[in-house]
Student: 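I have a structure I would like to understand better, so I am pasting it below and will then ask my questions one at a time.
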Amino acid sequence: MKYRTIIIISAIIFVTADITAQTGGNFAITQSVIASGGGQNSAGGTFAVDGTIGQSGAGGAIGNTPFAVTSGFWNFSPLAPTAANVSVSGRIMTPNGSGIRNVRVTLTAPDGQTRTALTGTFGYYRFEEVAVGETYIISIFSKRFTFSRPTQVVAVFEAVADINFISDEL
């Protein structure tokens, strides 16, 4: 039981940013977020954790004698990714900067799903509603032109407008 208590205490120490007091023996950790406010959030046997006023009502309690924890505002909570979508676009062109039309551009998501677009008259392509926080593979295919780099890997964290490909010949 002492080993489990040490692991959980370590997690609390790692998560909290402002530990104001620690003691040995009958162990206590005190955390104040609002100017010296606080109420006892958890206690059991020889262990206690104190936090800010109102925290004790913020989460559920877990416990096993002689240890108990009530989760509150200062417990670690990983941030979840947002469901935002952006556009990914670019241009396919010759070495002199002329756009190449009718090039097939494929966007492959991490789960293997693909989307395809054809470049327009000036060589531009665009994919809408691309989920952020993922890494995609963009590949191109042309019947008339060859490319030394026909594939690019792109991590999308915001709208991207410059994923360009340049052919090997005019």
Student: Walk me through whether Asn85 and Val132 qualify under side chain to side chain contact (heavy atoms under 4.5 Å, CB included).
Tutor: CA-CA 6 Å; Asn85 292 316; Val132 298; over 6 Å; no
Student: Please answer whether the main-chain N or O of Thr146 pairs with a side-chain N or O of Glu169 as donor and acceptor at a distance below 3.5 Å.
Tutor: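 Looks like yes, one N/O pair under 3.5 Å.
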Student: As an exercise, state the distance from OG1 of Thr151 to CD1 of Ile137, rounded to the nearest 0.5 Å.
Tutor: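 Answer rounded to 0.5 Å: 7.5 Å.
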Student: Considering only heavy atoms from C-beta outward, does the side chain of Thr94 approach that of Ile100 to under 4.5 Å?
Tutor: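 With C-beta onward as the side chain, the pair touches.
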Student: When you look at Phe127 and Glu129, which way does the side chain to side chain contact (heavy atoms under 4.5 Å, CB included) test go after all the steps?
Tutor: CA-CA 7 Å; Phe127 294 99; Glu129 300 296 316; over 6 Å; no
Student: Determine whether a donor-acceptor pair (N or O, by modelled atom type, separation under 3.5 Å) exists between the side chain of Thr119 and the backbone of Asn102.
Tutor: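 A pair under 3.5 Å: yes.
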Student: Determine, using the 4.5 Å side-chain heavy-atom cutoff (strictly less than), whether Val160 and Ile92 are members of one ILVMFWY cluster.
Tutor: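 Yes, one cluster joins them.
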Student: I'd like to know if the side chain of Tyr136 and the backbone of Val88 have a donor-acceptor N/O pair within less than 3.5 Å.
Tutor: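 No.
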Student: Would you kindly say whether Thr108 and Gln113 are connected by a side-chain donor-acceptor distance under 3.5 Å?
Tutor: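 There is no such pair between these side chains.
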Student: Heavy-atom count check: over 12 atoms from other residues, nucleotides or ligands less than 6.0 Å from Arg115 CZ?
Tutor: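 Atom CZ in Arg115 is packed in, count exceeds 12.
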Student: What is the distance from atom OH of Tyr125 to atom CZ of Phe165, rounded to the nearest 0.5 Å?
Tutor: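 One gets 5.0 Å once the value is rounded to the nearest 0.5 Å.
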Student: Under a 4.5 Å cut-off applied to non-hydrogen side-chain atoms, are Ser167 and Pro95 in contact?
Tutor: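 Yes, their side chains come closer than 4.5 Å.
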Student: Does Met93 belong to the same Ile/Leu/Val/Met/Phe/Trp/Tyr cluster as Val154, with side-chain heavy atoms less than 4.5 Å apart forming each link?
Tutor: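 Met93 and Val154: separate clusters.
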Student: Please list, chain by chain and in numerical order, all residues satisfying side chain to side chain donor-acceptor pair (under 3.5 Å) with Ser148, sequence neighbours excluded.
Tutor: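 Expected list: Asp168.
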Student: Using the test side chain to side chain contact (heavy atoms under 4.5 Å, CB included), find all partners of Arg126 that sit at least two apart in sequence or belong to another chain.
Tutor: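 Result, side chain to side chain contact (heavy atoms under 4.5 Å, CB included) vs Arg126: Ser87, Ser89, Glu128.
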Student: Treat each ILVMFWY residue as a node, draw an edge where side-chain heavy atoms are under 4.5 Å apart, and state whether Ile166 and Ile140 are in one component.
Tutor: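 No, separate clusters.
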Student: With side chains defined as the heavy atoms from C-beta onward, is the minimum distance between Leu118 and Val103 less than 4.5 Å?
Tutor: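 SC-SC contact between Leu118 and Val103 ruled out.
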Student: Ignoring hydrogens and angles, tell me if any N or O in the side chain of Gln152 forms a donor-acceptor pair with the backbone of Asn164 under 3.5 Å.
Tutor: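 Side chain of Gln152 to backbone of Asn164: a pair is present.
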Student: Who passes side chain to side chain contact (heavy atoms under 4.5 Å, CB included) against Tyr124, sequence neighbours left out?
Tutor: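 Listed in chain order: Arg91, Phe122.
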Student: Do Thr135 and Val156 pass the side chain to side chain contact (heavy atoms under 4.5 Å, CB included) test, and can you show the C-alpha distance, the side-chain angles, and the key distance before you say yes or no?
Tutor: CA-CA 6 Å; Thr135 301; Val156 176; over 6 Å; no
